[in-house]
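The structure displayed is predicted, hence computed values, not measured ones. Residue numbers count from 1 along this sequence. Atom set for the values below is all heavy atoms of this structure, side chains included, hydrogens, waters and symmetry mates excluded.
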Amino acid sequence: MRAVVQRASRASVSVAGELLAQFDEPCLVALVGATHDDTSDDARATARKIAHLRVLRDERSAVDADAPVLVISQFTLYGDVRKGRRPTWNAAAKGHVAQPLVDEVITALRGEGVRVGTGSFGADMAVELVNDGPVTLLYDTRPGSGER
């Protein structure tokens, strides 16, 4: 699994003008994507990393600071733009594989005691945030996946 984690001073997500989640306080925004061979272990590891990542002020984690996390499913994290001008989505898991894994990340975050807001899987979402720092990090459960 992949997650892009951003430290934000506030964040929200809406679908078709309907507000689904909003945090008007320091929080994390986690864009989460799955690939074909991701497992429940990957989902739980991703949730643990997000919950305990010490990137909030004073090197605190979401758990330490009782800070919420806004989780947004995002298959485009597995987009490949190395060839041509049009991304390919071959590495992104299909919805029937990805949705349960993203749901498991959300459940595991809540199990860590984190307040979680979510978007709507597969929907055209409007995500708003004020990136604080800015701090934006990439996490991938595959060793060496970010190295070349």
Side-chain angles (χ1 to χ4, degrees), residues 1-36 38-81 86-89 91-143 145-147:
M1 293 194 84
R2 284 187 182 155
V4 171
V5 181
Q6 297 179 294
R7 184 175 73 189
S9 56
R10 66 178 182 272
S12 66
V13 60
S14 301
V15 173
E18 178 185 346
L19 183 65
L20 299 183
Q22 179 175 341
F23 297 119
D24 291 320
E25 62 188 292
C27 59
L28 296 178
V29 176
L31 309 174
V32 178
T35 192
H36 308 289
D38 283 336
T39 66
S40 291
D41 288 343
D42 294 307
R44 288 190 300 273
T46 300
R48 274 192 309 276
K49 182 60 74 173
I50 294 167
H52 296 282
L53 195 59
R54 297 172 61 137
V55 294
L56 294 170
R57 296 288 175 185
D58 300 321
E59 293 187 13
R60 297 171 66 197
S61 69
V63 170
D64 296 334
D66 190 30
V69 176
L70 181 61
V71 176
I72 306 296
S73 62
Q74 189 157 359
F75 77 93
T76 62
L77 294 181
Y78 281 97
D80 186 348
V81 296
R86 185 175 296 133
T88 63
W89 314 111
K94 300 289 184 204
H96 71 278
V97 173
Q99 185 171 7
L101 290 168
V102 173
D103 288 345
E104 193 162 349
V105 170
I106 293 163
T107 299
L109 278 167
R110 289 181 174 143
E112 295 278 347
V114 175
R115 291 178 289 140
V116 179
T118 66
S120 180
F121 189 91
D124 187 7
M125 295 176 269
V127 179
E128 295 184 33
L129 69 128
V130 176
N131 192 315
D132 181 19
V135 174
T136 301
L137 301 165
L138 174 64
Y139 172 73
D140 199 311
T141 58
R142 303 289 176 238
S145 59
E147 301 171 4

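Residue pairs meeting the ring-ring contact (aromatic ring centres under 6.0 Å, His included) criterion with at least one partner in residues 47-75, sequence neighbours excluded, are F75-W89.
Between V63 and E112, the shortest heavy-atom contact is CG2-O, 3.8 Å. Taking both residues in full, the closest heavy atoms of V29 and A8 are given as CG2-CB, 4.2 Å, listed atom of the first, atom of the second, then distance. Minimum interatomic distance between A47 and L109 (heavy atoms only, all atoms of both residues): O-CD2, 3.4 Å. Closest heavy-atom contact between I50 and L28: O-CD1, 3.7 Å. Closest non-hydrogen pair, G119 versus L20, comes out as C-CD1, 3.8 Å. Of all heavy-atom pairs between V97 and P100, the closest is O-CD, 3.4 Å.
The CZ atom of R48 sits 7.5 Å away from the OH atom of Y139 when rounded to the nearest 0.5 Å. With values rounded to the nearest 0.5 angstrom, D66 atom CG is found 5.0 Å from R115 atom CZ. With values rounded to the nearest 0.5 angstrom, Q6 atom CD is found 10.5 Å from I72 atom CD1. Expressed to the nearest 0.5 Å, how far CD1 of I106 lies from CG of L101 amounts to 11.0 Å.
With salt bridges taken as basic N to acidic carboxylate O contacts below 4.0 Å, none links D24 and R10.
The 12-atom threshold is not exceeded at CD of E128, counting heavy atoms of other residues, nucleotides or ligands nearer than 6.0 Å.
Put simply, the side chain of D58 never gets that close to the backbone of R60: no donor and acceptor are under 3.5 Å apart. A donor-acceptor pair is defined here as one N or O able to donate and one able to accept, closer than 3.5 Å; no such pair exists between the side chain of R2 and the backbone of G33. With hydrogens and angles disregarded, no donor-acceptor distance shorter than 3.5 Å links the side chain of T76 to the backbone of G79. The main-chain N or O of A108 is never found under 3.5 Å from a side-chain atom of R44 such that the two would form a donor-acceptor pair.
Contact check for L70 versus V13: side-chain heavy atoms found under the 4.5 Å cut-off. The shortest distance between side-chain heavy atoms of T141 and K49 does not fall below 4.5 Å. Put simply, the side chain of L137 does not reach to within 4.5 Å of the side chain of R7, judged on heavy atoms. Looking at P68 and E25, their side chains come closer than 4.5 Å, going by heavy atoms from C-beta outward.
None of L77, V105, T35 except one satisfies the side chain to side chain contact (heavy atoms under 4.5 Å, CB included) rule with M1; the exception is V105.
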side-chain contact (heavy atoms from CB on, under 4.5 Å) between D64 and E59: does it pass, once the steps are laid out? CA-CA 9 Å; D64 296 334; E59 293 187 13; over 6 Å; no

CA sep, side-chain torsions, deciding dist, call: D42, E104, side-chain contact (heavy atoms from CB on, under 4.5 Å): CA-CA 10 Å; D42 294 307; E104 193 162 349; over 6 Å; no

